[in-house]
Amino acid sequence: MSKIIAIHSFRGGTGKSNLTANLAVTIALQNKRVAIVDTDLQSPGIHALFGIDETIACKTLNDYLWNRSSIADTAYDVTSFMAISQGKIFLIPSSINADEIAKIISEGYNVSLLNSGFKRLIQELELDYLFIDTHPGLSRETLLSIAISDFLIVILRPDRQDFQGTAVTINISRQLQVSNMMMIVNKTPSRMDFSSLKQKIEKTYNVPVAGIFPLSEDMAQLGSSGLFCLQYPDHSFTQTLQHLAEKIS
């Protein structure tokens, strides 16, 4: 059966989109059919990791939400861009056009369309996994994505503001009866004790920590210009991704 995986963070700057893209590709390499939907309509960005821009993406999630296109027509098969020989990877980008973003912010949209759109994508693309890259913080679309997910992955940095905001996210997720939650700690300074950090977070939130990713200069140098897991297949960061993919699958 298909699985919907929502990946969320309370604050921006946690590396959520980078982790979403790399995790999705890692699972696709297991000969799975995977799609990523960028629901961060106010500040989209995951398309850059796949080499998609406005000249390529003629249709986006915005077109579906404004009844200008079917949801399937906004899905781009980016498998060839990734040069992977196993599995399939699709991307449903959001528009980076300033007018489109302003329209979403000022007028909103029918959030229930997302739910029906996700179901259609799973059926029409015959997906094994659908990843939802959410908008940071809490909004109507975020709450919907959390509520319908089979797995919720919450990303945070080892930062006091992140700890407080993440507590709100976890509490609301429990109210929405999300049963399968995992946490990822990202951009962790190498001098921190990872084992103690894992114990502290699991004790604080009563949610398992699926992975702790170090602050990586290699990742920073790549600068979202590609998929880290493909360019650095033997890197410790990629190995942690593979362990996380195993826990999900």
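What you see is a predicted model, and the numbers here were worked out from it, not measured in a lab.
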Worksheet item: How about Ser9 and Thr14: does a side-chain donor come under 3.5 Å of a side-chain acceptor?
Response: yes
Fill in: Beyond-backbone contact of Tyr129 with Ile4, side-chain heavy atoms, under 4.5 angstrom
no
Worksheet item: Do Leu19 and Met183 belong to the same hydrophobic cluster, where Ile, Leu, Val, Met, Phe, Trp and Tyr are linked whenever their side-chain heavy atoms lie under 4.5 Å apart, directly or via other members?
Response: no
Worksheet item: Do Phe163 and Tyr205 come within less than 4.5 Å of each other through their side chains, counting heavy atoms only?
Response: yes
Response to the item:
d(Ile122 CD1, Ile71 CD1) to nearest 0.5 Å is 11.0 Å
Response to the item:
Output for pair (Gln177 CD, Ile146 CD1), nearest 0.5 Å, gives 14.0 Å
Discussion item. I'd like to know whether Lys3 forms a salt bridge (charged side-chain N to carboxylate O under 4.0 Å, His left out) with Asp150, so could you lay out the CA-CA distance, the side-chain angles of the two residues, the decisive distance to 0.1 Å, and finally the verdict.
Written reply: CA-CA 6 Å; Lys3 294 179 182 178; Asp150 299 300; over 6 Å; no
Worksheet item: For the atom pair NZ (Lys187) and CG (Asn18), what is the distance rounded to the nearest 0.5 Å?
Response: 8.0 Å
Discussion item. Looking at Leu156, is its backbone amide N or carbonyl O close enough to the side chain of Asp162 to form a donor-acceptor pair, meaning the two atoms are under 3.5 Å apart?
Written reply: no
Worksheet item: Would you say the side chain of Leu143 lies within less than 4.5 Å of the side chain of Ile172, judging by non-hydrogen atoms?
Response: yes
Fill in: Leu41 vs Tyr109 side-chain heavy atoms within contact, under 4.5 Å
yes
Fill in: Flag, side chain of Tyr76 to backbone of Thr60, donor-acceptor distance under 3.5 Å
no
Worksheet item: Does Glu217 CD have over 12 foreign heavy atoms under 6.0 Å away?
Response: no
Discussion item. For the residue pair Ser216 / Tyr232, report whether a side-chain donor-acceptor contact shorter than 3.5 Å exists.
Written reply: no
Item to complete: Indicate if Ile7 and Leu152 have the same hydrophobic cluster label, given that clusters are the connected sets of ILVMFWY residues with side-chain heavy-atom separations under 4.5 angstrom.
Response: no
Discussion item. Less than 4.0 angstrom from a charged side-chain N to a carboxylate O is my criterion; do Glu100 and Arg68 meet it?
Written reply: yes
Practice prompt. Before giving the answer on side-chain contact (heavy atoms from CB on, under 4.5 Å), spell out for Gln42 and His135 the whole-Å C-alpha distance, their side-chain angles and the decisive distance to 0.1 Å.
Written response: CA-CA 8 Å; Gln42 296 89 337; His135 181 63; 3.5 Å; yes
Worksheet entry | Derivation of the salt bridge (charged side-chain N to carboxylate O under 4.0 Å, His left out) call for Arg11 and Asp159 | CA-CA 11 Å; Arg11 296 175 67 207; Asp159 176 274; 3.1 Å; yes
Practice prompt. Show the numbers, then the answer: is there a side-chain contact (heavy atoms from CB on, under 4.5 Å) between Asn110 and Leu113?
Written response: CA-CA 6 Å; Asn110 184 355; Leu113 284 173; 3.9 Å; yes
Worksheet item: Should the heavy atoms of other residues, nucleotides or ligands under 6.0 Å from CD of Gln231 be counted, would the total exceed 12?
Response: yes
Worksheet item: Stepwise, does the side-chain contact (heavy atoms from CB on, under 4.5 Å) test hold for Leu114 with Glu141?
Response: CA-CA 8 Å; Leu114 285 176; Glu141 60 261 43; 3.7 Å; yes
Worksheet entry | Reported CZ-to-CG distance for the pair Arg33 and Leu130, which is rounded to 0.5 angstrom | 13.0 Å
Worksheet item: What closest approach, in Å, do Thr74 and Ser69 show between heavy atoms, and which atom pair accounts for it?
Response: CG2-OG, 3.8 Å
Practice prompt. Say whether Asp77 and Thr79, considering side chains only, have a donor N or O and an acceptor N or O under 3.5 Å apart.
Written response: yes
Worksheet item: Do His235 and Asp218 get their side chains close enough for a donor-acceptor pair, meaning under 3.5 Å?
Response: yes
Practice prompt. May I ask you to test the His47-Ile96 pair for a side-chain heavy-atom distance under 4.5 Å?
Written response: yes
Worksheet item: Going by atom types only, do Thr166 and Thr169 share a side-chain donor-acceptor pair under 3.5 Å?
Response: no
Item to complete: Start with the C-alpha gap between Leu127 and Phe90, add the side-chain angles, then the distance that decides, and say whether side-chain contact (heavy atoms from CB on, under 4.5 Å) holds.
Response: CA-CA 9 Å; Leu127 297 176; Phe90 299 91; 4.1 Å; yes
Discussion item. Same cluster or not: Trp66 versus Val111, using hydrophobic residues (I, L, V, M, F, W, Y) connected whenever any side-chain heavy atoms lie under 4.5 Å apart?
Written reply: yes
Worksheet item: Which pair of non-hydrogen atoms, one from Arg140 and one from Gly108, has the smallest distance, and what is that distance?
Response: NH2-CA, 4.5 Å
Fill in: Spacing of OG1 belonging to Thr26 relative to CG belonging to Leu241, to within rounding of 0.5 Å
4.5 Å
Practice prompt. Can you establish whether the number of heavy atoms outside Lys103 located under 6.0 Å from its atom NZ is more than 12?
Written response: yes
Discussion item. For a 4.5 angstrom cut-off between non-hydrogen side-chain atoms, does Phe213 reach Val185?
Written reply: no
Worksheet item: Going hydrophobic residue to hydrophobic residue with side-chain gaps under 4.5 angstrom, can you get from Leu176 over to Ile132?
Response: no
Worksheet item: Is the closest side-chain heavy-atom distance between Pro93 and Pro44 below 4.5 Å?
Response: no
Worksheet entry | Residue of the set Ile46, Val37, Ile36, Asp38 for which side chain to side chain contact (heavy atoms under 4.5 Å, CB included) holds with Phe131 | Ile36
Response to the item:
All heavy atoms of Ala72 vs all of Glu124, minimum pair found to be CB-OE1, 3.1 Å
Item to complete: Check Phe194 against Pro189 and note the closest heavy-atom contact, atom names and distance.
Response: CE1-O, 3.6 Å
Worksheet entry | Gln221 atom CD, over 12 foreign heavy atoms within 6.0 Å | no
Worksheet item: Should Leu230 and Val25 count as side-chain neighbours, where that means a heavy-atom distance under 4.5 Å?
Response: yes
Worksheet item: What heavy-atom pair brings Cys229 and Thr238 nearest, and what distance separates the two atoms?
Response: CA-OG1, 3.6 Å
Response to the item:
Note: Ala75 and Leu125 closest approach over all heavy atoms is CB-CD1, 4.0 Å
Worksheet entry | CA sep, side-chain torsions, deciding dist, call: Lys16, Asp133, salt bridge (charged side-chain N to carboxylate O under 4.0 Å, His left out) | CA-CA 8 Å; Lys16 172 176 60 65; Asp133 184 22; 2.6 Å; yes
Worksheet item: CZ of Phe10 to OG1 of Thr142: how many Å apart, nearest 0.5 Å?
Response: 10.5 Å
Item to complete: Assert yes or no for the condition that the ring centre distance of Phe237 to Phe228 is strictly below 6.0 Å.
Response: yes
Practice prompt. State yes or no: do Ile155 and Ile201 share one hydrophobic cluster built from I, L, V, M, F, W and Y residues joined by side-chain heavy-atom distances below 4.5 Å, directly or via other members?
Written response: no
Discussion item. I'd like to know if the side chain of Ser112 pairs up with that of Asn115 as donor and acceptor (distance under 3.5 Å, no hydrogens or angles considered).
Written reply: no
